[in-house]
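Counting starts at 1 for both ligands and their atoms, following the listed order.
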Amino acid sequence: MREYGQFYIGGQWVDPAQPQPDDVVNPATEQVAGRIALGGTSDVDRAVEAARAAFETFSQTSPADRGELLSRVIEEYKKRAEDLAAAVTEEMGAPAKLATTAQVGMGLGHLVTASKVLADYPFEEDRGTTRIVREPVGVCAFITPWNWPLNQITCKVAPALATGCTMVLKPSEEAPFSAYLLAEIMDAAGVPAGVFNLVNGDGPTVGAALAAHPQVDMISITGSTRAGVEVAKAAAPTVKRVHQELGGKSPNIILDDDAFEKGVKIGAAGVWANSGQSCNAPTRMLVPAARMDEAAAIAKASAEKVTVGDPTGEVKMGPVVSKAQYDKIQGLIQQGVDEGASLVAGGTGRPDGLDTGYYVKPTVFANVSNDMTVAREEIFGPVLVILPYESVDQAIEIGNDTPYGLAAYVSGSDQDTVRKVASRLRAGQVNLNGAAVDLNAPFGGYKQSGNGREWGQTAFADFLETKAVIGYTPAEA
Ligand SMILES: NC(=O)c1ccc[n+]([C@@H]2O[C@H](COP(=O)([O-])OP(=O)(O)OC[C@H]3O[C@@H](n4cnc5c(N)ncnc54)[C@H](O)[C@@H]3O)[C@@H](O)[C@H]2O)c1
């Protein structure tokens with residue numbers, strides 16, 4: 001049983017102003033795995049004050065100093081990798097292997113990438129007699145979700161540290177264990193007091209207070225579009241920078257050529273990963289109408305091969321994060337059936353033999369039309385929907401017919417055609433032929449998937465203000 005009832009503020013573990021314990025449930029066992037405290041507005045004030053005070057000195061440190069600091073954080077992170085993986089499995093149900101390689105691995109990847117970018121980042125540049133200086137934006141507040149907890153935290157924390165910002169993190173109250181360990185890592189690495197602060201809490205209290213706080217210069221949220229809108233509204237009166245990484249319902253266009261079978265297989269596997277709980281999951285597969293049955297058969301075989309069960313063991317898929325998420329997914333699967341989509345694999349209820357834990361059957365719907373609820377709503381579970389198209393133009397039109405624009409996928413054997421299709425998709429990241437994750441590729445959304453970009457060099461810009469010093473070089477008389 002984890003007891004994580006304190007907050008990390010000003011370089012110290014401190015008690016909440018008013019203790020409000022909150023149980024965290026392990027989704028595989030449905031048992032309480034630990035306890036945190038939910039904070040209030042006075043905890044937020046205290047953390048923001050610490051971050052504001054630290055900004056005075058931390059913003060003046062050199063890139064070389066911050067590079068050394070990042071190296072120490074990386075060392076401490078590596079030392080705690082096993083603890084971090086176990087925490088992620090316990091808090092949100094990721095299978096042990098996925099937790100170690102991907103969940104913890106992505107966190108390390110963002111720290112390492114930021115330190116490499118920092119090594120030669122152009123913070124200053126001269127244009128004529130003007131010097132353009134890129135300075136840290138200030139005190140940042142981070143609100144993060146439960147599905148890729150360390151990935152989403154580190155892709156904010158790493159560039160913030162690298163650019164000289166100070167910060168307050170409010171992780172998801174549903175998956176707060178790994179964030180708590182990350183605060184221990186920051187402490188062990190000697191991150192100066194007040195540079196990194198952690199306050200647990202719920203969205204409407206701590207999240208909203210951070211978004212509205214006049215001493216916070218930038219609020220960055222990864223979460224649902226609903227929460228992103230709330231954050232932007234709360235932030236508006238103080239005109240702070242608002243960065244949003246929100247939901248998705250990403251199209252996956254499978255072209256009619258030799259790469260068809262491979263494309264369907266890779267696409268389906270992308271939906272089972274992390275139990276479908278990825279904002280960029282390729283959940284809306286588009287196939288030539290004449291090949292619908294073929295696609296359905298390939299996807300069905302893929303779904304039936306997935307091993308589901310205890311995430312501490314050797315399985316492909318663990319549970320989904322919570323009872324609420326399980327119930328939401330069950331309701332949407334039922335709605336798919338009710339609206340007339342063809343259920344070819346999975347369906348409602350738990351997989352056979354799994355009576356405890358929030359396990360969902362890998363589910364495939366074929367013959368889906370883009371106006372059905374299962375094609376429009378982000379399900380955030382292992383549910384693949386397959387839609388028919390008559391022409392590539394129509395595939396692109398259907399692909400873009402969504403309020404979201406986070407990711408899109410194209411597969412086909414002719415690279416030129418694949419690239420042309422990619423150029424017409426309205427999404428922040430387009431993946432061609434199942435290419436591997438690239439931590440240097442900017443990550444973020446068009447339309448209601450958000451504003452701003454994270455990851456790699458591009459992320460730095462979102463943590464910097466631009467100052468023009470005119471007359472820096474005196475004009476010659
Ligand atoms: N675009 C991306 O990079 C990305 C990555 C992962 C997840 N997501 C999205 O996150 C969602 C799943 O995560 P979730 O269920 O934790 O989302 P959520 O929106 O319920 O919660 C996300 C975070 O926002 C906080 N929050 C909730 N309401 C708030 C409010 N009114 N004010 C301030 N903060 C508030 C929560 O406490 C949590 O920390 C999905 O929609 C998914 O697509 C997006």
Please could you name the atoms of ligand 1 that [X] approaches to less than 4.0 Å, counting only its heavy atoms?
| X | result |
| --- | --- |
| S172 | 39 (O) |
| A208 | 32 (N), 33 (C) |
| L406 | 1 (N) |
| I221 | 24 (O) |
| N147 | 6 (C), 7 (C) |
| T144 | 23 (C), 38 (C), 39 (O) |

Check: D23 side chain, R35 main-chain N or O, donor-acceptor pair, under 3.5 Å: no
For [atom], what is the closest protein heavy atom, and at what distance to 0.1 Å?
| atom | answer |
| --- | --- |
| atom 41 (O) of ligand 1 | E378 OE1, 2.6 Å |
| atom 18 (P) of ligand 1 | S224 OG, 3.6 Å |
| atom 24 (O) of ligand 1 | I143 CG2, 3.2 Å |
| atom 35 (C) of ligand 1 | G203 CA, 3.2 Å |

Return the orientation label for the F443 and W455 ring planes: parallel under 30°, perpendicular over 60°, tilted otherwise. parallel
What class does the angle between the rings of Y4 and Y180 fall in, given that below 30° is parallel, 30 to 60° is tilted and above 60° is perpendicular? parallel
To atom 27 (C) of ligand 1, the nearest of E230, R226, E173 on a heavy-atom basis is R226
Strictly by modelled atom types, are D202 and T205 linked by a side-chain donor-acceptor pair under 3.5 Å?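 The answer is yes; a qualifying pair exists.
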How would you list all residue pairs meeting side-chain hydrogen bond (donor to acceptor under 3.5 Å, both in side chains) that involve residues 166-177, not counting sequence neighbours? K170-E173
